[in-house]
Peer 1: 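Mind having a look at this structure? Questions to follow.
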Amino acid sequence: MERRMKEYIKYLDDSVELTPRIKKLRDIFFSTSPSVCTDRVKYFTESFRETEGEPTILRRAKALDNVLSHMTLYVKEGDLLAGNLASIPRGAPIFPEFSVDWIEKELNGDPYFIDERPGDAYDVTEETKRYLIDEIIPYWRGHTHEDMVRSLLPEETRLACQEVKGTEENWVMTSGDGHTIPNYIRVIREGIKGVLEQTQNRLDGIDITDPAQLEQVTFLKSVVITLKAVVTFANRYADKLEDMASAEHDTARKAELTEMARICRRIPEHPAETFYEAVQSILFVNIPVQLESNGHSISFGRVDQYLYPFFVRDIDSGALDAGRAFEIMNCLWLKVTEFSKLRDWDNTVAFVGNPLFQNLTIGGQTLNGQDAVNELSYLSLACTKKLSMTQPSLTVRWYAGTSDRFMKEAVKVIRKIGSLPAFFNDEVIIPSMLNIGYSYEDAINYAMVGCVEPAPHGQIGGRYGAGFPNFAKWAELAVNGGKDPRTGLTLAPLDGDITTFKDFDELMNAFTTQLDFFLKHHVVAGNVVDMSWGVCTPNPFLSAMIDDCISRGKEIKQGGAKYDFTGGQSVGIISAANSLATIKKVVFDDKRITAEQLKHALDTDFEDRDTDPSGEEIRQILLKSDSKFGNDNDEPDGIAAYIMKYLSDHEMRYKNTRYGKGPIGGTFIPSTATVASHVLTGQIVGATADGRKAGTPITEGTSAFHDTETKGPTALMNSYAKLPNVLMPGGQLFNVKIAPSAVDSEQGIDNWVALIKGAFEKRAMQLQFNIVSSRTLVEAKRKPKDYTDLIVRVAGYSGYFVDLCPDVQDDIIARTEHAL
Amino acid sequence: MSRLVGRVFDIQRYSTHDGPGIRTVVFFKGCPLRCKWCSNPESQRCEPDIFFREQTCLGCGRCVKVCPFHIPVGGQGADAKCTYCGNCVRECPAKALELKGVTLTVDEVIDEVERDAAFYSASGGGVTLSGGEPLMQPEFAEALAREARDMGYRLAIETTGYAAWDDVKRVFDHVDLVLYDVKHASPAMHEEGTGVTNDLIIDNLRKSVEEGYNIVVRAPFIGGFNTASENIEHTAELLGDVGIGRVDILPYHTYGDNKYKMLRREYAFNGRKPTEEEIGEFRELCAEKNIKARVE
């Protein structure tokens with residue numbers, strides 16, 4: 001066992017190079033721009049025109065069937081895996097049933113032409129543009145998810161979300177849900193055949209005289225259509241591969257194509273028998289889910305665990321060797337980089353870097369608490385290290401039994417490529433899941449979804465992304481008596497403002513009043529979105545891939561999933577904590593400035609030079625005051641912890657639309673999975689009492705505000721560990737930037753691992769690192785052409801630095817860099 | 001519980017170059033040597049110093065207003081009239097002024113040290129007493145070392161070795177690792193570079209080895225000062241003779257330049273980085289004496 005492990009660790013050596021085949025496949029990504037693909041929208045819409053009057057779920061099943069039966073297929077030269085999302089690599093399908101208004105606007109250049117955006121531009125041909133404007137958009141206009149949301153949204157909620165923007169819910173109003181791990185394991189073990197059999201049995205057993213059961217018929221029929229469609233999809237690849245094989249002159253490649261054709265003929269319909277077949281099965285689940293649901297974060301689960309039995313069998317029998325396993329896994333990694341998602345411009349700012357958040361999890365523990373790291377865990381690290389690309393997102397689970405050797409290899413991957421993998425602490429995440437109702441077996445088998453959201457395998461119906469409650473905005477409103485300086489609206493009035501509050505408690509009450517109000521509307525908006533998704537965009541195939549939808553006869557949004565939570569992505573918690581702690585210290589405790597002086601300085605964005613102290617002097621006092629999270633200072637850390645606890649207590653009380661309909665859970669849960677929304681959401685927050693200028697980014701995740709953490713990485717970790725992380729079952733996001741020179745020695749690597757272990761022993765939840773020097777980033781911004789493959793951690797995901805919008809680039813440059 | 005006080009100019013957490021693992025370094029203020037290349041000039045005097053960060057200064061003049069002597073902007077701490085009352089430091093909105101050198105009790109230092117306990121055990125690190133010269137405050141250093149060790153932390157000390165033997169012994173008795181500076185083999189050249197001869201230092205080094213303390217010699221290696229073949233030979237001989245097993249070579253750097261600017265003092269030393277050949281020669285001669293040498 002140990003000897004074999006060493007053979008696999010070798011793949012992480014700098015001396016190991018990618019095979020020529022893999023290098024060529026990798027180059028395709030860098031020589032191809034993202035583009036708009038019309039395949040999906042064409043066949044989807046074509047089917048919809050023919051099924052008018054039928055139930056929506058059945059129409060969607062038929063439409064997916066039409067897409068999978070007719071969309072362009074390609075197999076790249078030398079590729080060992082089949083499956084594509086669009087007609088060419090990096091093509092983005094269009095999902096008109098969610099929203100077309102923004103597509104129309106942006107095709108007309110408002111605010112940017114899609115191919116001229118300052119970040120994440122997509123090529124779009126004139127023909128595609130005309131086709132969409134003339135043929136597609138008119139059919140869907142007024143009949144989309146977004147239209148439904150608009151009609152359902154209560155006026156007060158609209159004001160809260162879309163005028164004051166105290167919580168930003170737009171992205172879920174124009175997109176799909178995603179955020180889950182489909183049950184790959186079941187398809188690998190039973191084949192689609194097994195799922196189909198279960199569905200057929202359920203249908204056969206239905207008593208149609210019982211209206212409750214009658215209702216299930218349409219869902220189950222829709223499932224059958226999609227399952228068969230997926231088998232058809234795979235068989236189309238088999239046909240294509242057979243044709244390619246017969247036309248191929250190179251005998252080695254001919255044999256490969258023949259083998260691929262055999263595999264696609266066999267799986268996913270039948271159970272996988274080999275490692276290679278199991279890997280191919282993953283794609284035939286993942287791709288249809290994406291084509292159906294328009295979500296992102298369709299993650300892969302614990303691949304090193306569920307592929308392992310196949311791997312061991314094939315290695316032992318000699319059917320597979322290490323080199324071949326590595327190549328097949330490289331192809332899986334590369335396949336994920338071909339996928340692309342087109343978002344509207346505002347949400348592109350929040351999700352910049354074209355991420356699909358397809359997370360892949362390795363490490364952690366087995367069901368009986370043993371170290372789960374195996375050969376495939378090391379091979380996974382090697383894939384990410386050698387390919388050096390942003391997708392798939394790679395999660396390393398850590399628990400008290402994880403070896404230092406594995407951790408060292410993992411941090412060396414970060415050192416090499418800049419940002420991946422991210423680390424997650426079993427010792428906090430598992431209890432956080434048990435706390436909200438997960439069984440021990442399901443919790444211990446968690447994997448990461450999207451950025452930082454823990455989920456069981458094949459048992460949760462998504463819904464982690466539920467808008468961005470903006471804590472910094474609430475702190476601003478509290479100071480201003482509830483009145484929004486930007487819009488003049490007062491939605492949650494207060495008795496007085498900062499100039500009349502007698503003490504810090506009154507300020508804190510003002511803040512929680514805003515929190516209560518906006519949290520309520522965050523929940524209302526989230527439930528409206530869910531209701532609309534349930535009506536407009538039910539997903540029969542995804543439901544078939546989630547326990548217990550088939551046995552309950554219910555689509556996910558009707559309550560089919562075993563577990564179901566809705567998770568908001570709280571942004572700016574630390575900005576709020578810093579602002580409140582700074583007011584406490586500077587105004588109430590030290591009395592360095594008065595509340596009136598503070599308010600005037602904030603109202604004028606610190607620009608008034610005629611006051612004494614001047615606006616800038618006040619800003620400096622606020623910014624430099626010892627009242628910032630991240631310095632192991634109990635007061636600001638305690639305020640951040642209080643806010644988080646308060647959030648958890650209050651958010652968990654709210655029900656989602658599946659409450660009481662079957663799933664365990666059925667409530668809202670908090671997270672700080674902010675992606676890059678802190679830049680977008682910062683734009684509507686005025687100057688804040690932490691010394692931040694109006695309109696600039698607020699804090700992301702639970703990370704400290706840049707340049708305010710001055711006591712080094714251990715102090716930073718201590719602050720983080722003081723938070724009630726176990727109460728954030730939706731996941732915590734914590735970014736640390738480290739100077740490359742700090743980790744260029746073995747000692748630096750050892751200390752880095754010790755830093756992570758120390759933080760995790762103290763109950764930090766998640767850690768991720770950026771290992772690129774500010775100087776390099778500044779240089780890359782200046783000369784993007786020289787840095788096309790420079791990867792940075794944007795938030796819970798990694799992106800190519802040169803693809804990011806300029807203000808996101810600046811924000812990353814500004815984050816404090818630690819010398820280890 | 002100890003209310004004993006000492007003068008400290010910094011407590012630096014997550015320090016990784018002052019002994020093994022992740023460490024907290026307590027910097028004692030005051031040093032009997034005046035090394036020309038010193039990269040921590042604020043460590044030298046026993047009295048406080050004030051750092052002035054010119055780029056951070058808003059030029060608002062609030063420091064002048066609160067100063068009893070109305071010392072002009074940029075003169076804080078450097079002006080002879082300054083009494084280090086700290087009014088200016090507290091008033092500065094931008095924290096462009098920083099007081100280096102405060103009086104802390106052992107307990108106050110321990111409170112800070114304790115915060116990173118989890119990281120010491122995860123990394124094999126601990127606490128390092130540095131300076132300045134910790135042995136200039138032997139009572140405080142001993143109390144701190146005892147207390148920290150009682151709490152289970154590993155202790156290291158960075159020292160010039162320039163102190164009365166009794167003071168050396170009372171502190172070294174409570175540390176796990178001594179990082180002991182040897183700067184020049186010749187007494188005269190040592191005096192030329194540091195202001196004192198090396199007689200006491202070498203004498204204490206010899207006694208420390210005899211006493212069985214865990215000693216690693218640290219040799220600041222400064223081009224033009226101690227890199228001549230003759231000195232390398234003598235140093236290696238001396239260390240071999242004393243019975244030293246390990247030397248860390250610390251090549252000269254100029255990271256401290258900016259600190260002189262912040263103290264508004266002239267940095268007059270004209271050193272250079274040692275060449276690869278010079279470092280190679282030092283390592284080779286150490287190897288001949290069975291001394292492990294590595295470059296920090």
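In the text below, chain A, chain B and the rest are named by the order of the sequence lines, each starting its count at 1.
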Peer 1: Which of the residues A:Asp750, A:Leu623, A:Leu622, A:Asp634 is involved in the greatest number of heavy-atom pairs with chain B at under 4.5 angstrom?
Peer 2: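 Heavy-atom pair counts peak at A:Asp634.
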Peer 1: Which one of B:Gly124, B:Gly21, B:Ala117, B:Ala94 has the most heavy-atom pairs closer than 4.5 Å to chain A?
Peer 2: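 Of B:Gly124, B:Gly21, B:Ala117, B:Ala94, B:Ala94 has the most heavy-atom pairs under 4.5 Å with chain A.
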Peer 1: For the side chain of A:Gln747 and the backbone of A:Ser745, is there at least one donor-acceptor N/O pair under 3.5 Å apart?
Peer 2: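 A pair under 3.5 Å: no.
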Peer 1: Out of A:Ala754, A:Ala721, A:Ser614, which one racks up the most heavy-atom pairs below 4.5 Å with chain B?
Peer 2: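 Among the listed options, the one with the most contacts to chain B is A:Ala754.
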Peer 1: Report the relative orientation of the aromatic rings in A:Phe629 and A:Phe734; use parallel for angles under 30°, tilted for 30 to 60°, perpendicular for over 60°.
Peer 2: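 Because their plane-to-plane angle is over 60°, the rings of A:Phe629 and A:Phe734 count as perpendicular.
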Peer 1: Measuring heavy-atom distances to chain B, does A:Asp626 have an atom under 4.5 Å in its side chain, in its backbone, in both, or in neither?
Peer 2: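 Backbone plus side chain of A:Asp626, per the 4.5 Å heavy-atom cut-off to chain B.
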Peer 1: Could B:Lys261 and B:Glu54 be called an ion pair, given the rule that one side-chain N must be under 4.0 Å from one carboxylate O?
Peer 2: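 Looking at B:Lys261 and B:Glu54, the cut-off is not met.
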Peer 1: For A:Lys584, is there an ion pair with A:Glu635 - N to carboxylate O distance below 4.0 angstrom?
Peer 2: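 Looking at A:Lys584 together with A:Glu635, the answer is yes, because their closest N to O distance falls below 4.0 Å.
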Peer 1: May I ask you to decide if the ring planes of A:Phe423 and A:Phe769 are parallel, tilted or perpendicular, using 30° and 60° as cut-offs?
Peer 2: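 Geometry flag for A:Phe769 against A:Phe423: perpendicular rings.
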Peer 1: Report yes if the distance between the aromatic ring centroids of B:Phe28 and B:Phe140 is under 6.0 Å, otherwise no.
Peer 2: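 Yes, the ring of B:Phe28 comes within the 6.0 Å limit of the ring of B:Phe140, centre to centre.
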Peer 1: Determine whether the aromatic ring centres of B:Phe221 and B:Tyr252 lie less than 6.0 Å apart.
Peer 2: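 No, too far apart.
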Peer 1: Less than 4.5 Å to any heavy atom of chain A: does that hold for the side chain of B:Ile22, its backbone, both, or neither?
Peer 2: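 Contact with chain A: backbone and side chain both.
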Peer 1: So which part of A:Glu617 gets closer than 4.5 Å to some heavy atom of chain B, the side chain, the backbone, both or neither?
Peer 2: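 The answer is both parts of A:Glu617.
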Peer 1: Decide salt bridge (charged side-chain N to carboxylate O under 4.0 Å, His left out) for B:Arg218 and B:Asp181; before the verdict, give the C-alpha distance in whole Å, the side-chain angles of both, and the deciding distance to 0.1 Å.
Peer 2: CA-CA 5 Å; B:Arg218 297 205 134 184; B:Asp181 274 16; over 6 Å; no
Peer 1: For A:Lys412 and A:Glu746, run salt bridge (charged side-chain N to carboxylate O under 4.0 Å, His left out): C-alpha distance rounded to whole Å, both residues' side-chain angles, the deciding distance at 0.1 Å, then the answer.
Peer 2: CA-CA 10 Å; A:Lys412 283 181 186 170; A:Glu746 275 302 309; 3.5 Å; yes
Peer 1: Who among B:Gln12, B:Lys95, B:Arg115 has the most heavy-atom pairs with chain A under 4.5 Å?
Peer 2: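 Winner by heavy-atom pair count: B:Arg115.
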Peer 1: Just give me the residue among A:Gly691, A:Ala715, A:Ser625 that pairs up with chain B most often, heavy atom to heavy atom, under 4.5 Å.
Peer 2: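 It is A:Ala715.
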Peer 1: Against chain B, label A:Arg592 side chain, backbone, both or neither, depending on which of its atoms sit under 4.5 Å from a heavy atom there.
Peer 2: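 The answer is the side chain of A:Arg592.
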Peer 1: Checking heavy atoms, do the side chain of B:Arg23, its backbone, both or neither come under 4.5 Å from chain A?
Peer 2: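 When you check distances to chain A, no heavy atom of B:Arg23 falls under 4.5 Å.
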Peer 1: Quick one: which of A:Asp404, A:Asp612, A:Val753, A:Ile618 has the most heavy-atom pairs under 4.5 Å with chain B, could you say?
Peer 2: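 Among A:Asp404, A:Asp612, A:Val753, A:Ile618, the one with the most close pairs to chain B is A:Asp612.
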Peer 1: Heavy-atom cut-off 4.5 Å, strictly under: side chain, backbone, both or neither for A:Asp632 against chain B?
Peer 2: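 Answer is both: backbone and side chain atoms of A:Asp632 are under 4.5 Å from chain B.
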Peer 1: Non-hydrogen atoms of chain A under 4.5 Å away: do they reach the side chain of B:Thr56, the backbone, both or neither?
Peer 2: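 For B:Thr56, side-chain heavy atoms alone lie under 4.5 Å from chain A.
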